[in-house]
Structure formats: structure tokens, C-alpha cells
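Report on the following structure.
So that the names make sense, note that chain A is the first sequence line, chain B the second, and so on, each numbered from 1. None of these values were measured; they are calculated from a predicted model.
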2 protein chains.
Amino acid sequence: MTDTTRKPTINDVAERAGVSKSLVSLVMRNAKSVSDHRRAAVLAAAEELGYRPNAIARSLVSQKTHVVGVTVSDFRNPFFTDVVEGIATVAKANGYQTLINTGDRTPHGETEAIDTFIQLRTDGIILVGTVVDDETIDRIGTVSPLVSASYASGSLKIDSVVTDDVKGARLAVEHLVGLGHRDIAHITGGKGAGANRRVRGFRAAMKAEGLSERARVVEGEFTESGGISGVAELFGSGTKPTAVFAANDQAAIGVLRGLTARGIVVPNDVSVIGYDDTNLAAFEHINLTSVHQQRVLMGMTAMELMLERVAGSRQSARCVTLEPRLTVRGSSGRAPS
Amino acid sequence: MTDTTRKPTINDVAERAGVSKSLVSLVMRNAKSVSDHRRAAVLAAAEELGYRPNAIARSLVSQKTHVVGVTVSDFRNPFFTDVVEGIATVAKANGYQTLINTGDRTPHGETEAIDTFIQLRTDGIILVGTVVDDETIDRIGTVSPLVSASYASGSLKIDSVVTDDVKGARLAVEHLVGLGHRDIAHITGGKGAGANRRVRGFRAAMKAEGLSERARVVEGEFTESGGISGVAELFGSGTKPTAVFAANDQAAIGVLRGLTARGIVVPNDVSVIGYDDTNLAAFEHINLTSVHQQRVLMGMTAMELMLERVAGSRQSARCVTLEPRLTVRGSSGRAPS
DNA sequence: CTGAAAGCGCTAACAG
DNA sequence: CTGTTAGCGCTTTCAG
């Protein structure tokens, strides 16, 4: 298991095939300047020995690992896994490997994950739904190519790709107003990535509809319990809204629960809209109207930005904005008269 | 961005601090045999230069990467993400990094992912819900420490950790029988990992209850549509069961949909049980009775087995079996009289 | 077309 | 306690 089974090196292959190391190296990288005869001999020797090039050693000299590190703030959130899938697809298509790591939703854990990538000398790092502050991002951006997905960093050193959440919020509001709703509330995502933009978008859209006075915003979280507590606050006292726009699907599901518990019927009494349009929203038993984000595309775009950086074909920071859509399902309906 | 920003090496730090490379190396690894004075000087120099040890170079000489590769057959399945979380927790606690890769649910893709890990010289590889055949597993097992989670490989070279699915199926059957059900059907998981054990367990349990004659088994899949088609087959003709045990939660949700579409009420007319006890099952709107698998523990155990292998403290293969539990929720109830 | 030699950044014996 | 000397497995000039 130790030295007896030592993995074969380029030297072993060279010896077995009776040629020089450099010759083997050329063959392994498909160089053309090798005679068919020797190439065959090398290939045969490699096959026999079960030789696999040592990518570690290779990258030590080439200064390229062909690996990009990806930090994911929350593995369990289906939104993120789709983004990661997009990243992986484009990466693989371009000969890159993706190394995934989670920072356990904490700035400290994520910073640690990033540091590991730096020590591993990944060619670049993609932050998905990062929770670290702009200052740290800026610092890391000077050391390694960096792109942020789903969070628009203030740093000028890095690229980012986000959904136009201001517009997403507007789509939700316009849909509800079209259904006759006027008392509309928004439960925020707290300090989560993108939460701010959604709040701004909500306020702006309500204003545009001349409903500023009737807009209510309560603090929440990107979780089911965030939605539940939001409902408690909204329906505990004062004017009750006829529609609730939650910061994401998980919070919206909390809203559904909270409403059901109070005997309020969706969508007859109150309409509910989520954000992200995850699989959850599509489940027939949940059937949630939701603002759709192009998750896989977001990941693909992030990786494409990274490739440009790695190739050195662009030095300036770029922020790509993706268009949201509204997916209408059963949780939204005409306002009660 | 290229050579002007070259990352500082141990040499740069040594020069800056006015000491030898080996001294710096010792300090970076917290060796005690260094005078406080020099240690401080080195640390200061490293800090100024923003030096991060090159893990690539380090592992080239130490022959250890402190990285374990993890292949996940399906990222979207919450079952697997929990297993991965367990792996990552134990790995981190022991100074290991986890490199995650998906094989897109295909044997070819997964084999490719494994090959990448081998080239990267990861210290070991953990297969989560693998889809590659035993022969391939056996071959890889001779090259690298390997452990399989959720699939019990026939290979004698590798370790595995699985849930006792035979018992899990029995728990489901016993629960239903206790509620007065006698006509019970099972919708299988097709060729998916663990599907076989669940079928066997179902058959054995029904036999033990003296209900062999009334047991029905229809072919399905580990997906929602697998459940839907199963319902179509079960309720299309012949004796209709009063309870359905699906191979996993996603299929069970398909069953719920299929039943609802036919106007069959759960659990009044028919009881439904799933497998995995994922977050989905717990959603109030789904509220599915399900056989619970200790997912995080499964991942933790897998990583522990890996650590034993890496440390060389065990040469023989080991298969750990985890206990299932039944989580009772609203989708199962007394059999109609 | 092929081989020899010099290093990539780091660690691991050895000497002082 | 500290510096020197060899490599780890590979790529890359530079000569033949």
C-alpha cells in the first residue's frame, strides 16, 4: 500500500519503453514531433504500467492548475446547486476542473475556503452567493482572478453576474396590481445577497403604481422561518395586505404555512409570490407563483467571465446582468373584492 | 497580471527576512525549534509579502495532498448533499479538503471524474451513490483508497457504508400492517443504488406478515415520474392496494400527485410511504411518512473509513451498515374498512 | 526527431 | 538553533 505500490512516474515509462523522459512527456501531451514507432512504444509502456500523468507536478512547472475553485454559501439551496452546475458545464467544456467548497454560510468559513484555494493555486475562484465583505473580496481580487455570482460586489477588481432583481421585484408587483391588489407587502431577505435590490425594486415599483402609501416592508430572512415570522408581523395588527411578495421561495413557503395556520386561504384571501422559481415552487402541492432566475445561465456566464480573465483577454471588471421572468402558478389570483 | 504580480515564494520571504529557506519552511509549519527572534522576522516578512505556501509544491514532495475527491452522482438530490456535508465536516476536522465533482449520473462521466482525481493525486476517493460498475470500482480500488457511500460494492478492495434498506422496507411494511393494511404495493427504484435491497426487504416483510399473496411490486424509478407511472399501473386495473410504499421520496411525491389526480384522498383512501426522509417529506404541504436514512452520519462514517485507510491502519475492506428509522407523518393512516 | 540539463516551490536529511 | 544539499515528477530550453 505504501512504496511497493508506488504510482508509476514518467521515468518508469521512459525506462520501460527505452526512451528519454522528455520523449515520454511529448507523447503524453500529443506532440506531433515524435516518430510513430516511438510513440507506439511509449503508449504501450504507459498502458502496461497504468501510468497517469501527475497533474500536481505538471502544474508546478506550468504554473497552471486548470482548476477553478468554487465557494458555495449554501449547498442545500437548490438555487446554488443549479448555478454550480452551470459553472461545471462550461468549465468541463474548456478543460477545467471545478473544486467545490462550502463556507458554511459564515464569512469566516468562506474566507478559509478561499484561502485553501489560494494555497492550492487554483487558476481562479468563483464565489456563489458569497457572504464575505467587499473589503475582503477586494483584497483577494488582487491575488487571484475572482468572479462573484448572484452578488454584485462593490469591488472594482472583480467580475460579477447577477439577476436584475429590481426588475424582478417589479414583475411581481405589476402582476399583483394587474390582479387588482393594492395592499401589497414585501418580506425581505435580511442581509442575504440580493435582498437589498429586491427591496429597492419593490419600493420603486409600488411608487410607479402610485401605491407607495400602501406598500409595507417587513424584515425577514431567506428561510422558511423568515416567512413565518413575516406573516406574524403582517397579519398581527393594522391593515392586512391582500398579497405578499417574499424575498425567495423558501421564505414564501413559510408564508404559505403561516397563512394556512391562520385559516387564510391562498389565493382566495391572499396571494403569495416567491423568488427564484426553484423546484419547490413547481411542486404541485406548493404551486407557487415565483420570479424566475436563470440559474444555470448564471453559472455558465460566471465561468465564461473567468475564462476571459484566465486567458488574460480582459483586465477591466465586468458585471453581467441577467433578465428575470415571472412564472405564474396557483398561489396568485384576483384580489378579493 | 502575469509576471509582475507573481506570487511570493518561500525564497522571497527568506530574502526579505534575511534568513534561509529552510528556516522559513520550519516557521510556516509551526516547528518549535526556531528562535523567537527569527520566527517573528519571518512571520513579518511573510505578512508583508502576502505569502501563502504553495500547497502544490508541498504535496509534490510530501506525496500527500490532504485532499479527498468526492464524486456525487446527483447534486440535486438533497439526500446526497447531506452525505457530502457529513464528509466535509469530518474531513475539515482532520485537516483534509474535499474536492467535489459530479459525473452527471453517467458511468462515463463518473469514471472521468475519478480519473481527474487520480491525476490530481488526491489522497483518496469517496463515491457517493456511484453508478459505475463493480469491475471499474475494483480496478480503481487498486490504485487509490476508495470508499463507497450508499452503494454496497461487491469489490473486496474497497470500503462502503450503507443503510440497512431491507430493514427500512420492513419498518414501512410493519407500520402499514399495524394500521390494518393488507393490500400493499411497492414501486421500485429501478436500477438505482439501493433499489434492490428495498425490493427484497419489502418482499421478505410481506412474507413474514403472511401477506405474500397480496404484495404487489411494480417497476419504477427514483423520480417523480417514476411514482406517477407506478400509480397508473397499480390503479389502472385489478385489485387496488390501500397502501403504497415508494422507493424514495421523490417517487412518493409522484404517487401523491397521481392519486390526487384520480380523486383518491390520502390517507383516507390510500396511505403512502416514501424513503429517505428528505426535507421535501417534511414540508407541511407534502407531509409524507418516510423511512429515515442517517445521511450526515453516512457521510461522516465514509470519511472516517477513508481516514483509516489513508493512515494505513487497516488493509481489509469494511462495510458499515446504518440503521433506518421510520418517520411517521400525515400520509399514512388506518386502512379503510 | 531525440536526449541532457536546468529548474518550478517546497521539504527532508544532514552538517555546522 | 540554523544553513546546505538533494531531490519530488514534470516541462522546457538547448544541443545533437
Intra- and inter-strand pairing of DNA chain C, written as dot-bracket with Watson-Crick and G-U pairs under 3.5 Å and | for the latter, reads |||||||||||.||||

Would you find a donor on one side and an acceptor on the other, under 3.5 Å apart, between the side chain of B/Ser59 and the backbone of B/Ile56?
-> yes

What's the CD1-P distance between A/Ile56 and D/dT11, to the nearest Å?
-> 13 Å

For the pair made of CG in A/Asp36 and C1' in C/dT2, what is the distance, rounded to whole Å?
->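 Answer to the nearest Å: 15 Å.
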
Looking only at side chains, do B/Ser313 and B/Glu308 share a donor and an acceptor under 3.5 Å apart?
->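 Side chains of B/Ser313 and B/Glu308: no pair found under 3.5 Å.
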
Does any donor atom in the side chain of B/Thr116 or A/Gln97 lie under 3.5 Å from an acceptor atom in the other side chain?
-> yes

Between protein and nucleotides 3-16 of chain C, map the contacts as a letter string: B base, S sugar-phosphate only, - none, heavy atoms under 4.0 Å, written 5' to 3'.
-> BB---BBBSB----

A/Glu15 atom CD: more than 12 heavy-atom contacts under 6.0 Å =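 Incorrect, the count does not exceed 12.
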
With respect to the phosphate group of C/dT2, does any side-chain polar atom (N or O) of A/Ser35 fall under 4.0 Å of OP1 or OP2?
->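 True: A/Ser35 side-chain N/O within range (under 4.0 Å) of C/dT2 OP1/OP2.
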
With a 4.0 Å cut-off, would you call A/Asp159 and A/Arg318 a salt bridge?
->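 Looking at A/Arg318 together with A/Asp159, the answer is no, because their closest N to O distance does not fall below 4.0 Å.
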
Using the P atom as the reference point in each nucleotide, state the distance between C/dG9 and D/dT2 in Å, no decimals.
->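 Rounded to whole Å, the distance is 25 Å.
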
Under the side chain to side chain contact (heavy atoms under 4.5 Å, CB included) test, which residues partner B/Leu43, sequence neighbours left out?
-> B/Val27, B/Arg39

With respect to B/Val42, which candidate in B/Ile10, B/Val34, B/Leu23 satisfies the side chain to side chain contact (heavy atoms under 4.5 Å, CB included) definition?
->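 Single pass found, and it is B/Leu23.
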
Interatomic distance, CZ@A/Arg121 vs NZ@A/Lys64, rounded to 0.5 Å, equals 12.5 Å

